Amino acid sequence: MKKEQVVNCQFSVWYPIFKKHTIKSLILPLPQNVIDYLLDDGTLVVSGRYESTHKHLFCSYDKAPEFPEFSSKVLEAINALGGRVFPKLNWSAPRDANWIALNSSLQCHSLSDIFLLFKSSDFITHDLTQPFLQCSDQDSPDPVINYELVLRKWSELIPGGEFRCFVKENKLIAISQRDYTQYYQHILKQEEQISQVIQDFFNEHIQYNFLDEDFVFDVYRDSQGRVWLIDLNPFGEVTDSLLFSWEELTSGGGTAQQQVSHEGPAFRYTTSEVTVQPSPCLSYRIPRDFVDLSTGEDAYKLIDFLKLKKSQQEESEEEEEEEQNVPQ
């Protein structure tokens, strides 16, 4: 995976090419002061209340930062997209941070909602600090990146309709169920139909139209059988290979590449409830009690925590007095 491939997979690069086949979106330049705020390791202040990031749970700012001009542009864009949006940066969405939202959703109605997700997401931090970390051409200078806030019109996507597709040398070599942690019976019943409609979509709209010949793209098959392009990603280990291994996908004699030359792309999905796996994003979560405390969702937990801190402070003061009174 080269740095140029990562650059080509930025949303603002591929969206104009495939605009007719994806969800309506708007792109806003991200001001440097907003970037600095997103990278600042502290507490988020939202509409007068404190929302702590998991990095430092109980620290705070003296004053909430304000971005009036940017806030106005974001609100205008959100309204233009129907009042509900799915946010992301040049490459990543904060999928690892939905645990911190009150509704456990990435649906946002305001800049405050977006900040809450972004400041809690390791995926977003990776975009902002190490986008070329796993590239093979580390000796070459990093390309200059103009960071952008991407707002996508909110759509209720059923996880069982999402699939990840792997393309090597402009050939579709593999398809994986996107949400492999769950078993969806309709995929088992419609395996051939799903695989064929994705192949047709690739042949008609994607193949030879992207800037690279090796890449990964995500699609959604709706209830009417229509396929939509959701995202494009670099062909490399920075992208989750899901039910395949990168060794299979990259080696010349790999299982996936052997199959594509004879039967079409390899298609993998969770075949039964026995093989259901935990979500890989679980490792990014923190205990529920911490979330309740940080959001104020459970007032009693907050009261108990404050009482505990007060008690600990009093004990510490008593110990200091005793030490001072000990004869020398």
Side-chain angles (χ1 to χ4, degrees), residues 6-31 34 38 67 69-95 97-98 101 103-118 121 123-124 127 145-165 167 178-179 194 197-198 200-212 215-234 239:
V6 175
V7 170
N8 290 342
C9 285
Q10 293 181 98
F11 186 87
S12 59
V13 174
W14 67 259
Y15 181 70
I17 303 173
F18 302 110
K19 189 174 181 179
K20 293 191 298 184
H21 309 293
T22 191
I23 298 169
K24 182 180 179 181
S25 306
L26 293 174
I27 304 169
L28 300 175
L30 205 59
V34 174
L38 292 176
F67 311 99
E69 184 177 350
F70 183 64
S71 297
S72 177
K73 292 179 180 179
V74 170
L75 182 59
E76 182 180 350
I78 291 175
N79 290 334
L81 293 170
R84 300 182 301 164
V85 297
F86 174 91
K88 62 178 296 180
L89 286 187
N90 301 42
W91 298 279
S92 303
R95 294 182 181 276
N98 65 341
N103 57 357
S104 295
S105 169
L106 296 182
Q107 181 183 135
C108 293
H109 302 83
S110 66
L111 182 58
S112 295
D113 293 342
I114 296 169
F115 278 163
L116 180 61
L117 291 170
F118 278 17
S121 171
F123 294 174
I124 294 299
D127 270 18
I145 298 299
N146 296 314
Y147 283 100
E148 300 157 334
L149 171 63
V150 177
L151 300 176
R152 314 208 70 185
K153 183 179 179 65
W154 181 260
S155 301
E156 296 289 349
L157 303 185
I158 301 171
E162 295 182 88
F163 301 91
R164 173 156 289 181
C165 309
V167 178
R178 186 72 173 83
D179 180 20
I194 293 172
V197 75
I198 291 175
D200 292 343
F201 178 79
F202 171 73
N203 293 336
E204 294 173 17
H205 306 299
I206 307 297
Q207 190 176 32
Y208 304 119
N209 289 325
F210 188 51
L211 301 177
D212 294 312
F215 57 95
V216 179
F217 68 98
D218 294 338
V219 296
Y220 179 74
R221 179 176 177 265
D222 65 24
S223 58
Q224 306 301 314
R226 180 177 176 179
V227 176
W228 298 83
L229 178 64
I230 301 300
D231 204 0
L232 272 96
N233 301 284
T239 301

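Since the model is a prediction, treat every value here as computed from it, not as a measurement.
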Engineer: What are the two closest heavy atoms between S71 and L111, and how far apart are they?
Structural biologist: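 So the minimum-distance heavy-atom pair works out to OG-CD2, 3.2 Å.
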
Engineer: Is L211 atom CG crowded by more than 12 heavy atoms from other residues, nucleotides or ligands, each under 6.0 Å away?
Structural biologist: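 Atom CG in L211 is crowded, with more than 12 foreign heavy atoms closer than 6.0 Å.
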
Engineer: Heavy atoms, side chains only, cut-off 4.5 Å: are V219 and I206 in contact?
Structural biologist: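 No, every pair of side-chain atoms sits at 4.5 Å or beyond.
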
Engineer: I'd like to know if the side chain of D179 and the backbone of G160 have a donor-acceptor N/O pair within less than 3.5 Å.
Structural biologist: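 No.
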
Engineer: Working to the nearest 0.5 Å, report the span between SG of C165 and CG of D218.
Structural biologist: 7.5 Å

Engineer: How many angstroms lie between atom CZ of F217 and atom CD1 of I198, to the nearest 0.5 angstrom?
Structural biologist: 7.5 Å

Engineer: How close do P94 and P87 get, counting heavy atoms only, and between which atoms?
Structural biologist: CD-O, 3.4 Å

Engineer: Show your working on side chain to side chain contact (heavy atoms under 4.5 Å, CB included) between I145 and V7 and close with a plain yes or no.
Structural biologist: CA-CA 8 Å; I145 298 299; V7 170; 4.3 Å; yes

Engineer: So, the side chain of R164 versus the backbone of V216: is there a donor-acceptor pair under 3.5 Å, distance only?
Structural biologist: no

Engineer: Counting only N and O atoms by type, is there a donor-acceptor contact under 3.5 Å from the side chain of W91 to the main-chain atoms of V6?
Structural biologist: yes

Engineer: Could you give all pairs that pass the side-chain hydrogen bond (donor to acceptor under 3.5 Å, both in side chains) test and reach residues 202-212, with sequence neighbours left out?
Structural biologist: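 Sorted result for residues 202-212: N8-D212, H21-H205.
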
Engineer: Quick check for you: to the nearest 0.5 Å, what is the distance between L151 atom CG and F11 atom CZ?
Structural biologist: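 If I round to the nearest 0.5 Å, the distance is 9.5 Å.
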
Engineer: For residues 223-232, which side-chain N or O atoms pair as donor and acceptor with protein atoms under 3.5 Å away, sequence neighbours left out?
Structural biologist:
unit_1 : atom_1 : unit_2 : atom_2 : d
W228   : NE1    : D222   : OD2    : 3.0
D231   : OD1    : K88    : NZ     : 3.2
D231   : OD2    : K88    : NZ     : 3.1

Engineer: How long is the straight-line distance from CG of L26 back to CZ of R152, given to the nearest 0.5 Å?
Structural biologist: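 Spacing of CZ (R152) from CG (L26) equals 10.5 Å.
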
Engineer: Taking all atoms of both residues into account, what is the closest heavy-atom pair of A93 and F123, and its distance?
Structural biologist: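 Looking at all heavy atoms of both residues, the closest pair is O-CD1, 3.6 Å.
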
Engineer: Set out, in order, the CA-CA distance, both residues' side-chain angles and the distance that settles side chain to side chain contact (heavy atoms under 4.5 Å, CB included) for V34 and L149, then state yes or no.
Structural biologist: CA-CA 10 Å; V34 174; L149 171 63; over 6 Å; no

Engineer: Quick one: does S155's side chain have a donor or acceptor within less than 3.5 Å of a partner on L157's backbone?
Structural biologist: no

Engineer: Is the distance between the ring centroids of F201 and F163 less than 6.0 Å?
Structural biologist: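 Centroid separation for F201 and F163: 6.0 Å or greater.
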
Engineer: Residues two or more places apart in sequence or in another chain: which of them pass side-chain hydrogen bond (donor to acceptor under 3.5 Å, both in side chains) with Q107?
Structural biologist: H109

Engineer: If I compare all heavy atoms of I23 with all of Y15, which pair ends up nearest, and what's the gap?
Structural biologist: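 Taking every non-hydrogen atom into account, O-CE1, 3.6 Å.
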
Engineer: Where is the tightest heavy-atom contact between L89 and F118, given as atom of each residue plus distance?
Structural biologist: CD2-CE2, 3.6 Å

Engineer: How close do F210 and C9 get, heavy atom to heavy atom, and via which atoms?
Structural biologist: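 Looking at all heavy atoms of both residues, the shortest contact is CZ-SG, 4.0 Å.
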
Engineer: Stepwise, does the side chain to side chain contact (heavy atoms under 4.5 Å, CB included) test hold for F115 with F67?
Structural biologist: CA-CA 12 Å; F115 278 163; F67 311 99; 3.8 Å; yes

Engineer: So, taking the atom named CZ in R84 and the one named NZ in K153, what distance separates them when rounded to the nearest 0.5 Å?
Structural biologist: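 Spacing of CZ (R84) from NZ (K153) equals 8.0 Å.
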
Engineer: Short question: side chain of D127, backbone of S92 - any donor-acceptor pair under 3.5 Å?
Structural biologist: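 Side chain of D127 to backbone of S92: a pair is present.
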
